[in-house]
Structures are given as structure tokens and as C-alpha cells.
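Below is one structure; the comments refer to it alone.
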Number of protein chains: 2
Amino acid sequence: MIMTRDRTFTLAVDALKEAGLRPTRQRVQLLHLLRAGGNRHLSADDLAREAKKIGLSVSLATVYNALNQFTQSGLLREVVIAPGISYFDTNIGPHHHFYFEEERRLQDIPVDAVSVSDLPPAPMGTKVARVEVVIRLESEQK
Amino acid sequence: MIMTRDRTFTLAVDALKEAGLRPTRQRVQLLHLLRAGGNRHLSADDLAREAKKIGLSVSLATVYNALNQFTQSGLLREVVIAPGISYFDTNIGPHHHFYFEEERRLQDIPVDAVSVSDLPPAPMGTKVARVEVVIRLESEQK
DNA sequence: TCAATAGCCTGGAATCGTTCCAAATTTAAT
DNA sequence: ATTAAATTTGGAACGATTCCAGGCTATTGA
């Protein structure tokens, strides 16, 4: 008799299929983990560490591969902050970012909280892939 | 008899002094080189290579030191594009950037060509250090 | 259902950009 | 000139990321 399957990962599996990525164990688990806990900004290392903590067996190379593939497929968005500091953002809708320099932390800004208008046209032969707004914050004390 | 000194580097020397940096031979030469040729976007390696080409004797470590010091003093602006790709921009006035993904090239956008308005207030205890707008472009061909 | 095959995962080595270090040199102040 | 402080240097070290070759796994289609 066919048992009802575990539905825990159905969403992740579907998302991967739709993105044209094979729903391998590692990718499914990582995507599921990424999507747990709302919108987040994680480094590759953060994700690898989280995965390890909950007992997933995934190599660091695979974490990098998966994050890059997810980003390319539009399942994630990458925000690069400084040489050697980059975060993957699970919020893929249009929005912007505050960056707290001291804390090295990102925070989403809803897209309607900033208006970017009168964009110059994309130069000939190109099209806009993305408009990125980062507001860098420093502690107020002088 | 005191000869008239070489004025070639006067501007660079003055800028360094004003920034509170000692006008050492290396810093003067590098700043001068940076400012030659209008607004530019150079990686550390680009600058080191250029310096070498014109016969300057500067170590790579010094190039990095100088670029970081110049950036901190407001003589330069750093634009980070991707993990491992960052440029130093000699244009320190307010402006934004196009980034051509394929060519890995930056291009300035005059500040008045984009309007960023209704910025949300900086969170309590912080102030805005900088607002960064990068318009990422990809080749138009499908 | 089960092989065949294309794609994926892995640990470790390699690479890249960047920073660190201690010694030697240079600058600025006396 | 002398001295103290700052700077430069080459090379080692570093952290993040990518590469690689071999073993595994998902998908295909017979």
C-alpha cells in the first residue's frame, strides 16, 4: 500500500522543478531551510553552519553551488556589501536595503518606501537586470 | 640657489595633507596617477599594474593600503560589485552607477539623472553614510 | 522495472583578492 | 643631524570561493 508521502518538502521540490533544477536531496533541504523563518540574509557560511546544526549532510562546495544556482534561477538574490562580505536574500520581491556597517547586518526596505524615478534609459544593446539601492548606515555618535 | 620645485605633484601633495595623510612618495605618485585621465573605476590590481607600467616602484601591499586610506579619507569611493570584484572610483561627487555585467565595467550616472526620494528615515541611533544606487545591465539579446 | 546516462555531490586542493607581519626605510619634528 | 613615529616592503597568511576527479543519484526510456 502506497503511503501518503512526506509533504514537508513539496514546496521546495516544486520550486526547484520550476526553476529547472533537479530536486536533489541537498538542494531540497537547503531551499527548505532557507525558506524557513521568513525573509533572511545569510552568508554561504551561515547556511552551511545552520545546515550542519540541524544535522543535514551537505558539503560546503554544495552550499556554494546551490546558492549560486538558486541565485541564477531567481530563487534567491545576492547582495554584495564589501570585498569578502556577501549575503543571500530570501526575499526576491522588489525591495531595497539598509546596511548597518558596524553590525554587518542587512535590513529590507519595502520598495514603496523609496522612490527611484527618472532612471536613465539602459544604454543601447543592454537592458536593466536589476536596480539596487543600498543605504549604508553608521552609528550616530560622533 | 633654490630651484623652482617640480609642480607636477603639488595638487596630490596638497590633497594628501588636507586629508591628514603624509605625502609619501608612494602615496603622492599613486594619487597623481589615479587622478590622471578623468573619472575612472580601477581595481587595486589595475592600479598596481598601471603603476608598474609607468615605472613606479610600489608594492601591492602599499597599493592596497593607499587605496583604503584614500577611501577612508574621502579621496576615493569604493564600489563593490560582486565577491572578489570591487572598484575604486575617482569621482567622489554624488552620482550613481551602471554596471555592465558581461564587461564587468562601471559607468557613472550623474546624480540628477536619477531621483531617489522619500528615503525612509535612518533607524534610531544611526545616520546615513551613503546611498548607493547600482543599475545592473545585461546584454539585450535573448 | 531496471539499466544507462547525464547530472550531482564530495573532500580536498587550488585560486583569488586582500590583509598581516616584522624588518628596513622614510618622513617630520626637534 | 638626531630621533621618534609613520610608512613601505616582500612574503606569508588568510578567508571566501571555485575547481577537480571520483563516486553517487536522479531521470529516462526500453
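Quick note on labels: first sequence line is chain A, next is B, and so on, each numbered from 1. Please read these numbers as outputs of a predicted model, since none were measured by experiment.
Comparing C:dT10, D:dT17, D:dT8 against the side chain of B:Gln26 picks out D:dT8 as the nearest. Residue B:Pro83 places its side chain closer to D:dT17 than to any other of D:dT9, D:dT17, D:dT27. When each of D:dT8, D:dA26, C:dT19 is scored by its nearest atom to the side-chain atoms of B:Arg27, the top-ranked nucleotide is D:dT8.
Side-chain nitrogen and oxygen atoms of B:Asn68 include at least one within less than 4.0 Å of the OP1 or OP2 phosphate oxygen of C:dT19. For the OP1/OP2 pair of C:dC9 and a distance below 4.0 Å, the side-chain nitrogens and oxygens of A:Thr62 include no atom meeting the criterion. The phosphate of C:dT19 (OP1 or OP2) has no side-chain N or O of B:Tyr64 nearer than 4.0 angstrom. In terms of phosphate contacts, B:Thr24 brings a side-chain nitrogen or oxygen within less than 4.0 Å of OP1 or OP2 of D:dT8.
Protein atom CZ of B:Arg104 is 12 Å distant from nucleotide atom P of C:dC16, rounded to whole Å. Spacing between atom CG of B:Asp45 and atom P of C:dT15 amounts to 16 Å, rounded to whole angstrom units. Whole-Å rounding puts the B:Leu16 CG to C:dA28 C1' distance at 15 Å. Rounded to a whole Å, the CD atom of B:Gln69 is 15 Å from the P atom of C:dT27. Nucleotide C:dC9 holds its C1' atom 13 Å from the CD atom of A:Gln29, rounded to whole Å. Here the P atom of nucleotide D:dT7 and the CG atom of B:Leu67 are 15 Å apart, to the nearest Å. Per the geometry, CG belonging to A:Asn65 stands 13 Å off P belonging to D:dT17, to the nearest Å. If you measure from atom CG of A:Asp46 to atom C1' of D:dT17, you get 15 Å, rounded to the nearest angstrom.
Mapped onto DNA chain C by nearest heavy atom, B:Arg22 and B:Ala44 fall at different nucleotides, with B:Ala44 at the one closer to the 5' end. Across the interface with DNA chain D, nearest-nucleotide mapping of A:Glu78 and B:Ser59 shows B:Ser59 to be the residue nearer the 5′ end. DNA chain D is contacted by both B:Leu21 and B:Leu60; B:Leu21 maps to the nucleotide lying nearer its 5′ end (nearest heavy atom per residue).
We find the CZ-OH distance between A:Arg105 and A:Tyr99 to be 10.5 Å, quoted to the nearest 0.5 Å. Atom CZ of residue B:Phe70 and atom CZ of residue B:Arg35 lie 8.5 Å apart, to the nearest 0.5 angstrom.
Sorted by first then second residue, the salt bridge (charged side-chain N to carboxylate O under 4.0 Å, His left out) pairs that include residues 8-30 of chain A, not counting sequence neighbours, number zero.
A salt bridge is defined here as a Lys NZ or Arg NE, NH1 or NH2 lying under 4.0 Å from an Asp or Glu carboxylate O, and B:Glu101 with A:Arg130 fails to meet this definition.
Using modelled atom types and a 3.5 Å distance limit, the side chains of B:Asn68 and B:Thr71 yield no donor-acceptor pair.
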